[in-house]
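Okay, so here's the structure we're looking at.
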Amino acid sequence: MNKELDPLHVLVIDDEQDLRDGSERILVRMGFTVSKAARGDEGLKILKKEPVAIVLLDLKMPGMDGMEVLGHIKKINEEIVVIVVTGFATVETAIEAMKKGAYDFIPKPFEPDHLRIVVRRAQEKVQLLREAQKLEKERQRTLADLDAEKSRTRTIIEALPSGVVVTNTEGVVVLMNPAFLWYLGLDANLKPGKPIEEYIKDDGFCKMLRGIGEGGCKKIKEPPTYEFALAANKFLLAEGQAIVNEEKDCLGAVVILSDVTAMKALDQLKSEFVAKVSHELRSPLSTIHEQLVMVEKTPDNEQYLLPRAREKTQGLISLIGDLLDLSRIEAGHVGQDLKPVAVDELLRNIVDFITAQAQSRNQSLALELPEASLPKILADPMALESIFGNLIANAIKYTQEGGEITVKAQLVDDQIQVDVIDNGFGIEARQLDKLFDKFFRVKTDKTRYITGTGLGLSLVKGLVDKMGGTITVASKPDQGSTFTVLLPVKAESE
Ligand code: ADP
């Protein structure tokens, strides 16, 4: 690239010293910097070094002739403005100089004013040229920016996880991103250019898209939405909006598609859960209601129904308690109060506390611990109590009178293993995989009359999972069950 020229720097190339000095004086007074050369080659040397923008060039000089110098100057930098000065001003020489790229012409001898006017004009020419170059550079830059912006926007649209489709006012697709094609199960190489109906066979969707255009194509605060299902249980939500330019003309419609299958499944689970809870609450409540009605009707000494009603309310209270615990676990509010816990000690306390319950059923409740104490684990002690309290209480509940229950803890590799073993009613193999589901209860002749909520084991599983542990069960009907909990030890050192 040529070096930047200084529009206020003039070079005078003339073999006449008077003329060189005279021109210098006039030009310096005008504010120019002036360099001087008596010969052509000398002048060219200066031009290569200094940012001269204007040259006053004598055509008749000894050595290199002015026309030749002019040719060299243009080769050095085409933007240098050359004013030819000569005593033999003829139309021919003027034309020839202009053809070679001279900008102006002054005949010798000249008046100072003439020189001033010609040089000033040359200076303006240099400045105009510069302005033009600057504008051109800016134009190039905005074009480049625009191009970069365009491709950036395109890249972002292509990368969006939501499907995007844009149609013009005639409902013809002008843009689709890969997610759109993927959601609709369309070929990834499919190109836009056809009416929307050719890509998507859902009347409601196409109607919505066309409706945006037909509705006067106004930008809407609450964009229309449309939900539809595709094969394989895939639910999609479409949200549309009109595309309106600054002049308020409608250009078409844009629709965003997102996959709402997971949300739908969650919704369904929620309704199932609510249905189950309502059912669980309704039957004991209606029994209590009936019993209260009976109590009202019966003589005072026959109020034996009241204890039954109380039992039922107790059942309801524990159901609600379990539900609340469960929702706390699911909301992540349980298991946050971490402390180093000695599991052996914790088990001893629980067993001591619950022994009376086992004794009331003539059952033996034994605790087997290793000789060396177990390493402490970092855990929420309340969560651990809830896990083992529930398992041991279940073992007592689901074992016949006189049965045996053993709680065994040991270190296996870097995990603490706790087994709660009973020789009770046991569970059929086909029921085992549902055992940890909410509200699941096994109903056999032996267990039918045992009260419970069916939430205890799902609570236990939720807590064990949260601690990074596992729970498994092995069971045989009429032989007994073993619930095994494995808890990682390493948590404490971390
Ligand atoms: P609940 O005891 O309130 O019914 P749980 O979630 O604690 O609820 O247990 C779910 C079901 O698993 C029980 O209804 C019972 O049928 C079965 N169960 C749990 N523990 C045992 C066990 N130790 N032996 C046999 N069955 C059990």
Side-chain angles (χ1 to χ4, degrees), residues 272-273 276-277 279-281 283-284 287 311-330 334 347 350-351 354-355 357-358 360-368 383-409 417-466 470-485:
E272 277 171 24
F273 183 74
K276 269 185 183 168
V277 172
H279 174 78
E280 294 295 325
L281 290 172
S283 33
T287 317
E311 253 173 50
K312 289 273 174 203
T313 52
Q314 186 55 50
L316 280 174
I317 291 167
S318 60
L319 169 69
I320 289 165
D322 282 355
L323 276 174
L324 288 176
D325 283 352
L326 212 65
S327 70
R328 275 171 55 232
I329 295 174
E330 281 169 5
V334 172
L347 287 175
I350 299 175
V351 167
I354 216 166
T355 293
Q357 217 172 303
S360 72
R361 291 172 55 77
N362 287 322
Q363 292 164 336
S364 67
L365 174 58
L367 174 64
E368 286 179 15
L384 285 174
E385 269 171 34
S386 183
I387 293 170
F388 299 117
N390 258 296
L391 292 179
I392 301 170
N394 272 353
I396 294 173
K397 255 193 340 188
Y398 299 106
T399 296
Q400 64 287 354
E401 294 223 354
E404 285 167 18
I405 293 132
T406 308
V407 180
K408 198 163 138 188
Q417 177 176 338
V418 180
D419 297 290
V420 179
I421 309 156
D422 66 61
N423 64 349
F425 307 141
I427 306 151
E428 277 188 67
R430 65 186 170 90
Q431 312 266 34
L432 287 178
D433 56 340
K434 285 174 271 167
L435 210 61
F436 297 98
D437 290 356
K438 291 186 188 102
F439 298 109
F440 180 75
R441 306 201 66 215
V442 181
K443 295 218 168 100
T444 65
D445 290 345
K446 285 178 186 146
T447 61
R448 192 168 304 280
Y449 300 102
I450 301 172
T451 57
T453 60
L455 289 175
L457 285 181
S458 66
L459 224 141
V460 168
K461 172 121 173 62
L463 290 170
V464 173
D465 285 350
K466 205 156 191 300
T470 55
I471 178 163
T472 49
V473 56
S475 187
K476 281 219 169 94
D478 299 326
Q479 289 186 26
S481 316
T482 299
F483 284 82
T484 302
V485 176

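Both counts, for ligands and for their atoms, begin at 1 and track the order of listing.
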Q: Quick one: look at Lys443 and ligand 1, take heavy-atom pairs under 4.0 Å, and tell me if it's side chain, backbone, both or neither.
A: neither
Q.
What protein heavy atom lies closest to atom 3 (O) of ligand 1? Include the residue and the distance to one decimal.
A. Thr453 N, 2.7 Å
Q | Identity and separation of the nearest protein heavy atom to atom 14 (O) of ligand 1 | A | Tyr398 OH, 3.2 Å
Q: Within a distance under 4.0 Å of any heavy atom of Gly454, pick out the atoms of ligand 1 and give their elements.
A: 1 (P), 3 (O), 4 (O), 6 (O), 8 (O)
Q. Of Asp419, Ile421, Leu435, Val418, which meets side-chain contact (heavy atoms from CB on, under 4.5 Å) against Phe483?
A. Leu435
Q) Looking at atom 12 (O) of ligand 1, what's its closest protein heavy atom, distance included? A) Leu435 CD1, 3.4 Å
Q: With the side chain counted from C-beta on, respond yes when Val407 and Phe388 share a heavy-atom pair under 4.5 Å apart, and no when they do not.
A: no
Q. Taking the side chain as C-beta and beyond, is there a heavy-atom pair between Leu457 and Asn394 under 4.5 Å?
A. yes
Q) Which atoms of ligand 1 are found less than 4.0 Å from any heavy atom of Ile427? A) 25 (C), 26 (N), 27 (C)
Q) For ligand 1, is Gln431 a contact, meaning one of its heavy atoms is under 4.0 Å away? A) no
(Q) Just so I know, are the side chains of Leu463 and Ser386 near enough to count as touching, which here means a heavy-atom distance under 4.5 Å? (A) yes
Q.
What I'd like to find out is whether the side chain of Phe273 reaches to under 4.5 Å of the side chain of Leu323, using heavy atoms alone.
A. yes
Q) Taking non-hydrogen atoms only, is Asp422 closer than 4.0 angstrom to ligand 1 via side chain, backbone, both or neither? A) side chain
Q | Nearest protein heavy atom with distance in Å, relative to atom 24 (N) of ligand 1 | A | Ser481 OG, 3.3 Å
Q: Please write down residue, atom name and distance for the protein heavy atom closest to atom 7 (O) of ligand 1.
A: Asn394 ND2, 2.8 Å
Q.
I'd like to know whether ligand 1 has Thr447 as a neighbour, heavy-atom separation below 4.0 Å.
A. no
When the side chains of residues 470-482 are checked against the rest of the protein, which donor-acceptor pairs come out under 3.5 Å, sequence neighbours left out?
from	atom 1	to	atom 2	distance (Å)
Ser475	OG	Ile427	N	2.8
Ser475	OG	Gly480	O	3.3
Ser475	OG	Ser481	OG	2.9
Asp478	OD1	Lys446	NZ	2.7

Q | Close approach, Phe483 and ligand 1, non-hydrogen under 4.0 angstrom | A | yes
Q. Asp422 versus Glu404: any side-chain heavy-atom pair under 4.5 Å?
A. no
Q) Testing Val277, Asn390, Leu319 for side-chain contact (heavy atoms from CB on, under 4.5 Å) with Leu455, which one passes? A) Leu319
Q. Below 3.5 angstrom, do we get any N/O pair linking Gly456 and ligand 1?
A. yes
**Q.** Residue-ligand contact Phe440/ligand 1, heavy atom below 4.0 Å
**A.** yes
Q) Do Gln400 and Asn423 come close enough that some side-chain heavy atom pair is under 4.5 Å? A) yes
**Q.** Closest non-hydrogen atom pair between Gly456 and Asp322, with its separation
**A.** N-OD2, 4.2 Å
Q) Out of curiosity, Asp445 CG to Phe425 CZ, how far, rounded to the nearest 0.5 Å? A) 11.0 Å
(Q) Taking 4.0 Å as the limit for heavy-atom contacts, which would you say applies to Val442 with ligand 1: side chain only, backbone only, both, or neither? (A) both
(Q) Give me the residue, atom name and distance of the protein heavy atom closest to atom 6 (O) of ligand 1. (A) Leu457 N, 2.7 Å
Q: Among all protein heavy atoms, pick the one closest to atom 4 (O) of ligand 1 and tell me residue, atom and distance.
A: Arg441 NE, 2.5 Å
